[in-house]
Structures are given as structure tokens and as C-alpha cells.
Amino acid sequence: MADPFKLLVLPGDGIGPEVVAAALRVFEKLCRLEQIETEIRHDLLHGAAWEKYGSFCRDETVASARQSDALLIGAVGGAQWDNLPPDGATPAERDGLLRMREELQTYACLRPSRAYKPLLTRTPFKPEVVAGADILVLRELCGGLPYGTPRGIDKLDDGSFQAYDANFYSSEEIRRCAVVGFEVAASRRGKLTSIDKSNVMESGILWRRIVSETGVDYPAIELEHLYADNALYQMMQRPTDFDVVLADNIFGDLASDLVASYAGSLGMLPSASLCGLNSGKPAIYEPVHGTAPDIAGQGIANPIGTILSVAMMFDYSMQRKDLACRIENAVEQCLLVGVMSADLGGSASTDQVCEQILSALN
Ligand code: NAD
Ligand code: IPM
Ligand code: MN
């Protein structure tokens with residue numbers, strides 16, 4: 001008999017626990033229906049962990065993650081934890097999620113978005129402009145500005161301050177992510193758009209050079225390079241022209257929230273963060289959105305981004321694309337019958353959306 005699938009659940013903060021509870025019900029139901037054996041453990045991350053243990057991410061949590069096949073994370077953060085611990089701490093010490101991503105080296109973050117027919121009129125686009133949009137932002141997740149050193153805020157002689165961050169990228173960090181980009185493009189529509197600021201940044205020059213060099217091994221993939229500013233504009237002007245968009249950590253963060261508008265809400269977007277494709281190493285599944293402090297605790301958060309993250313888990317960590325499709329179909333069914341949360345203009349609660357998706361799974 002196969003080993004049980006080991007899942008570590010880290011609900012996080014704000015709406016994190018609400019959306020994770022819904023997604024976990026979908027995961028457990030499908031595993032039960034398909035007789036997939038699981039071993040599920042729960043722990044705390046970031047704000048919730050700080051309050052209980054005085055650490056944003058304990059060594060025990062990292063050890064437990066290393067022994068897992070996958071992590072399901074809600075979202076982390078809140079203003080009350082933003083300035084803890086004091087200046088000088090590393091990014092990983094200040095943010096539980098950044099530590100986990102770095103420890104597991106989940107450098108390839110896949111963030112798909114698409115236009116759903118029942119939601120076309122709920123986007124900021126003319127329906128005919130966004131219809132058919134189906135994009136995957138591949139965000140490099142373990143390098144660049146969020147992790148670069150030196151970084152700091154220094155006091156100058158005149159009493160004013162100077163802040164600085166560093167955008168380091170090695171050729172190998174770029175290459176390994178580009179490889180995933182070409183491979184993912186090959187499994188989709190065969191187009192890769194790499195975005196950078198090589199007109200003004202050294203890291204952009206190396207990024208473009210290494211992506212082009214990597215592309216030599218993928219002659220069947222159509223590769224285009226765009227400056228990131230123009231790219232974001234083009235993604236709004238002609239959404240259907242994009243397939244896979246490859247970006248560094250910061251540009252990918254911006255691009256993935258931006259393309260959420262195709263789907264009608266940031267609450268719709270899932271992600272899979274992998275240490276390479278088919279590596280067998282622990283992967284992180286989480287929605288793209290944050291902790292939404294403005295609606296936390298009300299039971300009205302859209303759980304679909306997290307539920308679709310579970311679909312990506314079936315696809316990338318369990319090699320069960322069939323079950324991923326089953327969840328995606330259940331989500332579409334839910335939208336089709338109009339059971340929608342407030343961010344999509346509906347009035348359904350998190351639980352009602354979840355119930356609808358669970359019943360459509362049958
Ligand atoms: P956010 O994504 O939390 O919220 C942006 C807007 O989208 C808000 O109006 C919110 O209500 C709405 N929204 C987000 N998810 C939703 C959902 N599932 N259903 C309905 N509406 C939803 O971004 P923010 O306000 O800039 O950040 C809040 C906190 O979350 C910050 O502490 C930030 O650092 C953190 N954050 C965490 C993650 C993560 O853990 N991956 C991602 C982004 C932001
Ligand atoms: C995301 C978030 C995170 C990031 C924050 C909360 C650390 O914005 O996952 O998109 O910047 O990566
Ligand atoms: Mn983000």
C-alpha cells in the first residue's frame with residue numbers, strides 16, 4: 001500500500017483559518033471518495049505563532065514541513081506584527097512565510113488566473129476583452145528584493161534616514177526558474193513572456209540573458225521579453241495574448257495580484273510553490289491573497305483561491321490531474337448556479353460556497 005500523503009496545515013492569520021477550513025473539507029472529502037490515505041498535521045505560522053510561541057516560524061514547524069509532502073497555508077500578516085522583531089532582523093526572522101519558502105526552497109511559484117464565464121461582467125474589463133483569458137504567472141519566490149542583503153534603514157549625520165534593499169539574482173537562480181517556465185509553457189499553449197527591467201537594472205540584464213540562453217533548449221516555445229512596466233499595461237490591454245508570464249520575486253508579486261482582476265476577485269487565485277517540477281520535495285499551496293483584515297472573522301471570505309490551491313496540490317504533488325479537474329469543475333458549477341461571496345457581488349458565506357462546491361464534487 002502507498003505511504004499516506006503527508007499534509008501540514010498552517011492556517012495563518014486573519015481570514016487564513018476561515019479559507020483553510022473550507023479547503024481542507026474539500027481535500028478530505030476527495031481523499032475519502034478516492035480512498036487516498038492521508039496524514040494531516042496542524043501547526044501555527046506567523047502572527048498566530050508569534051502570539052503563542054514568540055516566534056514567527058519555529059524550528060519544529062520547519063522540521064515538520066520537511067517531513068511533509070505538501071503544506072496548505074492560509075495567509076499571514078497583520079499590521080500588529082509588522083514591526084516585530086526590531087530592525088536588523090533578517091526577512092526570514094520577520095516573516096514566517098518568507099522563512100518557510102526559503103527553508104523549503106520553493107522557488108517556482110505558479111499563480112494561474114483566468115476569466116470565468118459567469119463572472120465576465122464582474123470584472124473591471126469589457127467582457128469581450130477578458131473572455132478567454134487564461135494566464136499563469138510564474139513568480140520566482142526565493143531570491144530578489146524580499147531576501148537580498150545588504151538591507152536596512154540608516155540614520156544619516158543630519159538626522160534624516162536612508163533606506164536600501166538589494167535585488168540579488170545568481171544565474172542559477174534565474175535558470176532553474178526559467179526551466180520551470182519553459183516546461184510549464186510546454187504543457188499549456190507554448191508561449192512564455194519574460195518580464196524584467198533590463199533597461200534600468202543589472203539584475204534585469206542578467207535575467208533576460210539567462211532566460212534567453214535557457215530558451216535555446218526549448219525551440220518549440222515562443223519566447224518574448226517585455227519590460228515589466230509595459231508588460232503590466234499589455235496584460236490589461238490584451239489579456240488573452242498571454243500564456244505563461246515569468247517574473248522575478250517582486251514583479252511576479254505585482255503581476256499576480258493584477259491578473260486576479262481577470263477572475264473577478266483576488267479571492268479566486270490559487271498558487272503552488274514548488275522546488276522544481278516533479279522533485280518529490282515538499283511544496284507549498286496557498287491562495288495569492290492576504291489576510292484581508294477588513295473582512296476577517298465575519299465568515300464571508302471567498303474560499304475559492306484556497307480550494308483551487310488544493311486542486312493544484314492534487315495536480316503537482318499527487319499526480320492526480322483528474323482530481324484537480326474535478327475540483328475545478330465543482331468550482332465552475334458553483335459559480336454557474338450563482339453561489340458567490342461578497343467580493344464577487346454575491347451574498348453567500350464562506351461556508352455556503354464551500355457546501356456548494358462539496359456537493360458539486362459528487
Ligand atoms: P489582502 O489580499 O489581504 O486584501 C486585499 C483586498 O482584497 C481586501 O479588500 C480584502 O478584503 C480582499 N480580499 C482578499 N482576499 C479575499 C478573499 N478570500 N475573499 C474576499 N475578499 C478578499 O491584501 P492587503 O490588505 O494588502 O494585506 C493584508 C495583510 O495580508 C498584510 O499583513 C499583508 O502583508 C498580508 N498578505 C499576506 C499574503 C500571504 O500570506 N500570502 C499575501 C498578501 C498579503
Ligand atoms: C504574497 C504576499 C507575500 C509576498 C507577503 C505576505 C510576504 O504578498 O504571497 O503574494 O510578498 O510574497
Ligand atoms: Mn502578494
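From a predicted model like this one, the values you see are computed outputs, not experimental measurements. In listed order, ligands and their atoms are each counted from 1.
With no hydrogens or angles considered, no side-chain donor-acceptor pair links Asp69 and Ser317 at under 3.5 Å. For the residue pair Ser256 / Arg139, no side-chain donor-acceptor distance below 3.5 Å is found, with atom types taken as modelled.
Remark: among candidates Asp294, Ile300, Ile284, the nearest residue to atom 10 (C) of ligand 1 is Asp294, based on non-hydrogen atoms. Nearest to atom 16 (C) of ligand 1 by heavy-atom distance, out of Ile15, Leu97, Asp95, Ile73, is Ile15. When the options Asp253, Asn249, Leu141 are ranked by their closest heavy atom to atom 2 (C) of ligand 2, first place goes to Asp253.
Distances from the Mn ion (ligand 3) show that Asp257 has no N/O/S atom below 2.8 Å.
Contact annotation: for Arg101 versus ligand 2, heavy atoms closer than 4.0 Å belong to the side chain alone. Looking at Pro293 against ligand 1, only its side chain comes within 4.0 Å, counting heavy atoms. Contacts between Leu266 and ligand 1 below 4.0 angstrom, taking non-hydrogen atoms only, involve the side chain exclusively. Contacts between Ile295 and ligand 1, counted as non-hydrogen atom pairs separated by less than 4.0 Å, involve the side chain only. Contacts of Asp343 with ligand 1, taken as heavy-atom pairs under 4.0 Å, involve the side chain alone. At a 4.0 Å heavy-atom cut-off, ligand 2 touches Arg111 through the side chain alone. Only the backbone of Val288 comes within 4.0 Å of ligand 1, counting heavy atoms alone; no side-chain atom from C-beta on gets that close. Residue contacts with ligand 2, taken as heavy atom pairs separated by less than 4.0 Å, do not involve Arg94 at all.
Short contacts between ligand 1 and Gly77, defined as distances under 4.0 Å to a heavy atom of the residue, involve ligand atoms 32 (O). Remark: ligand 1 atoms within the under-4.0 Å shell around heavy atoms of Ala301 are 19 (N). Close approach to Asp95 involves these atoms of ligand 2, each under 4.0 Å from a residue heavy atom: 7 (C). Atom numbering of ligand 2 starts at 1 in the shown order; those under 4.0 Å from a heavy atom of Arg139 are 1 (C), 4 (C), 9 (O), 10 (O), 11 (O), 12 (O). For ligand 1, the atoms sitting less than 4.0 Å from at least one non-hydrogen atom of Gly78 are 32 (O), numbered in the order shown with element in parentheses. Those atoms of ligand 1 that come under 4.0 Å of a heavy atom in Val76, given as number and element, are 30 (O), 35 (C), 36 (N), 37 (C), 39 (C), 40 (O). Each of the following atoms of ligand 1 lies closer than 4.0 Å to a heavy atom of Gly290: 1 (P), 2 (O), 3 (O), 30 (O), 36 (N), 37 (C), 38 (C), 42 (C), 43 (C), 44 (C).
For the pair Gly305 and ligand 1, no heavy-atom separation below 4.0 Å is found. Not a single heavy atom of Ser341 sits less than 4.0 Å from an atom of ligand 1.
A cation-pi arrangement is not found for Arg320 relative to Phe314, the charged atom failing to lie both closer than 6.0 Å to the ring centre and inside a 45° cone about the ring normal.
At least one side-chain heavy atom of Met268 sits under 4.5 Å from a side-chain heavy atom of Leu344. Inter-residue side-chain proximity for Tyr107 and Arg101 is flagged as unmet; no heavy-atom pair is nearer than 4.5 Å. A heavy-atom distance below 4.5 Å is not found between the side chains of Glu102 and Thr90. Phe27 has its side chain out of reach of Ser309: every pair of non-hydrogen atoms, C-beta onward, lies at least 4.5 Å apart.
Distances from the Mn ion (ligand 3) to each N, O or S atom of Asp253 single out OD1 as the nearest.
Between the CG atom of Leu145 and the CD1 atom of Ile250 there is a distance of 5.0 Å, given to the nearest 0.5 Å.
At most 12 non-hydrogen atoms from other residues, nucleotides or ligands lie less than 6.0 angstrom from CD1 of Ile153. Heavy-atom neighbours of Asp158 CG from other residues, nucleotides or ligands within 6.0 Å: above the threshold of 12. By the neighbour-count criterion of 12 heavy atoms within 6.0 Å, atom CD of Glu202 is sparsely surrounded, having that number or fewer from other residues, nucleotides or ligands. Heavy-atom neighbours of Asp322 CG from other residues, nucleotides or ligands within 6.0 Å: above the threshold of 12.
For atom 26 (O) of ligand 1, no protein heavy-atom neighbour is found at a distance under 4.0 Å. For atom 6 (C) of ligand 1, the nearest protein heavy atom is 4.0 Å or more away. Counting protein heavy atoms under 4.0 angstrom from atom 36 (N) of ligand 1 gives one or more.
Trp50 and Val76 end up in different hydrophobic clusters when Ile, Leu, Val, Met, Phe, Trp and Tyr side chains are linked at under 4.5 Å. The hydrophobic clustering, which links ILVMFWY residues whose side-chain heavy atoms are closer than 4.5 Å, places Leu254 and Tyr233 apart.
Centroid-to-centroid, the aromatic rings of Tyr116 and Tyr262 stay 6.0 Å apart or farther.
In terms of polar-atom proximity, His289 is counted as a contact of ligand 1, with an N or O under 3.5 Å from an N or O of the ligand. Ligand 1 has a nitrogen or oxygen under 3.5 angstrom from a nitrogen or oxygen of Thr291.
Partner Trp207 forms a side chain to side chain donor-acceptor pair (under 3.5 Å) with one of Ser212, Ser194, Ser198 and no other, that one being Ser194.
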